[in-house]
Amino acid sequence: MERLRTVDIISAYGRKSVLTGVSFAVEAGQCVGIVGTNGSGKSTLLNILAGLRKPDSGDIFFDGQQAAGKTRGQLFRAFVGYVPQENNLIPELSVMDNLRLWYQESEALKQGLSSGFLHELGLHEMCHLKAGRLSGGMRKRVSIGCALAGNPVILILDEPDAALDLPGKADIRRYLAMYRQMGGTIILATHDETDLNLCDRVFALNGGMSREIDKTLRGDALLEQISIINKE
């Protein structure tokens, strides 16, 4: 089943065009990777997919429903959880208090910590800790936990393991694989080729355009495919 579809997404900052017609689709249960050089528009695209930025033109569909007009905000909230690259936790608050800011129903939070995905993330063991005292990997796990408030079926991540050490990166990839096994759909932007091992499909951005590329490409072959998109 098709979970998400974008059609001719165009976005600019003033006179600077960033996305000039991005179209792709994601099936339920898939993991899709977005690759491209710095400045290629990956973060802009993810912000649009997360509902944080409106495109200048183009359409987004969730399970065939167009996210436009009165339904736009409702559909983004119902379908999408977003984990930005930057730390979005309040450092002075405990992990539990950060989670409470996102979870409207205390019972859902309690259940998630006791036996749900929040438990699998290991958040039940760090609820009492201040967010500002956590390691990078622990902060990312809490950010994922916050994004899962409302049980979204799509998880969008911008550089999910940036600045993490090797054990931290391995942990995040393991948790993402677990989320997929539970039926979730993942869209992630990354510069780390190891993240692509999680992906069923990979799309490259360059010159504001997108194209699906071979998911097995690595190294120079991957860079070559990224560079030729806007030359075709």
Side-chain angles (χ1 to χ4, degrees), residues 1-6 22 24-38 40-50 62 79-88 116-123 135-148 151-206 210-226 229:
M1 179 178 68
E2 185 176 276
R3 182 67 77 194
L4 178 147
R5 174 177 291 273
T6 69
V22 173
F24 68 94
V26 183
E27 298 290 323
Q30 283 188 331
C31 178
V32 168
I34 308 293
V35 297
T37 58
N38 290 332
S40 61
K42 298 189 301 299
S43 292
T44 298
L45 176 60
L46 295 194
N47 282 332
I48 290 171
L49 297 180
F62 296 107
F79 280 87
V80 177
Y82 178 52
V83 182
Q85 180 177 349
E86 303 81 10
N87 176 30
N88 63 342
F117 194 70
L118 298 182
H119 183 87
E120 297 295 337
L121 284 167
L123 302 192
S135 67
M138 294 168 74
R139 287 196 299 270
K140 187 65 70 173
R141 285 154 57 186
V142 177
S143 294
I144 292 173
C146 292
L148 293 176
N151 297 314
V153 294
I154 301 173
L155 188 59
I156 297 175
L157 305 103
D158 193 352
E159 299 288 342
D161 48 21
L164 299 186
D165 58 18
L166 291 177
K169 290 183 178 185
D171 282 343
I172 296 304
R173 290 168 187 147
R174 179 165 58 88
Y175 295 127
L176 294 182
M178 191 183 307
Y179 175 75
R180 280 189 65 198
Q181 291 171 3
M182 297 170 68
T185 299
I186 299 172
I187 301 172
L188 62 89
T190 184
H191 287 298
D192 193 324
E193 293 184 358
T194 307
D195 288 338
L196 301 183
N197 295 334
L198 293 169
C199 299
D200 300 290
R201 305 171 70 187
V202 176
F203 291 87
L205 289 181
N206 197 353
S210 66
R211 188 187 65 163
E212 185 169 6
I213 61 175
D214 184 345
K215 69 176 183 178
T216 67
L217 292 176
R218 299 291 186 272
D220 291 341
L222 176 60
L223 293 175
E224 181 180 0
Q225 286 297 303
I226 293 173
I229 293 174

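Keep in mind the model is a prediction, meaning the values are calculated, not measured.
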Pair Val80-Leu49, side chain to side chain contact (heavy atoms under 4.5 Å, CB included): steps then yes or no: CA-CA 8 Å; Val80 177; Leu49 297 180; over 6 Å; no
Could you grab the distance from atom [atom1] of [X] to atom [atom2] of [Y], nearest 0.5 Å is fine?
| X | Y | atom1 | atom2 | answer |
| --- | --- | --- | --- | --- |
| Ser210 | Ile34 | OG | CD1 | 7.5 Å |
| Leu196 | Leu217 | CG | CG | 9.5 Å |
| Leu157 | Glu159 | CG | CD | 10.5 Å |
| Ile186 | Leu176 | CD1 | CG | 4.5 Å |
| Phe62 | Ile154 | CZ | CD1 | 5.5 Å |
| Leu188 | Ile172 | CG | CD1 | 12.0 Å |

Result for side-chain hydrogen bond (donor to acceptor under 3.5 Å, both in side chains) between Lys169 and one of Asp195, Asp161, Asp192 points to Asp192
Considering non-hydrogen atoms only, spot the tightest contact between [X] and [Y] and give its length.
| X | Y | value |
| --- | --- | --- |
| Asp200 | Lys215 | O-CD, 3.3 Å |
| Leu164 | Gly137 | CD2-N, 3.4 Å |
| Gly36 | Lys42 | O-NZ, 3.0 Å |
| Cys31 | Leu198 | CB-O, 3.4 Å |
| Ala189 | Pro160 | O-CD, 3.6 Å |
| Gln85 | Lys140 | O-NZ, 3.5 Å |

Flag, side chain of [X] to backbone of [Y], donor-acceptor distance under 3.5 Å:
| X | Y | value |
| --- | --- | --- |
| Ser135 | Met138 | yes |
| Arg180 | Gly29 | yes |
| Glu2 | Glu27 | no |
| Ser40 | Asn206 | no |

Checking Asp171 now: which residues fulfil salt bridge (charged side-chain N to carboxylate O under 4.0 Å, His left out) with it, not counting sequence neighbours? Arg174
Arg201 pairs by side-chain contact (heavy atoms from CB on, under 4.5 Å) with which of Val32, Val26, Ile213? Val32
Determine, stepwise, if the pair Met178 / Phe117 fulfils side chain to side chain contact (heavy atoms under 4.5 Å, CB included). CA-CA 9 Å; Met178 191 183 307; Phe117 194 70; 3.9 Å; yes
Do Leu45 and Val22 make a side-chain contact, defined as non-hydrogen atoms from C-beta onward lying under 4.5 Å apart? yes
Looking at side-chain heavy atoms only, is the closest gap between Leu155 and Val83 below 4.5 Å? yes
Under a plain distance cut-off of 3.5 Å, with no hydrogens placed, do Arg3 and Gln30 share a side-chain donor-acceptor pair? no
Any pair counted as ring-ring contact (aromatic ring centres under 6.0 Å, His included), so long as it reaches residues 154-200, sequence neighbours left out: none
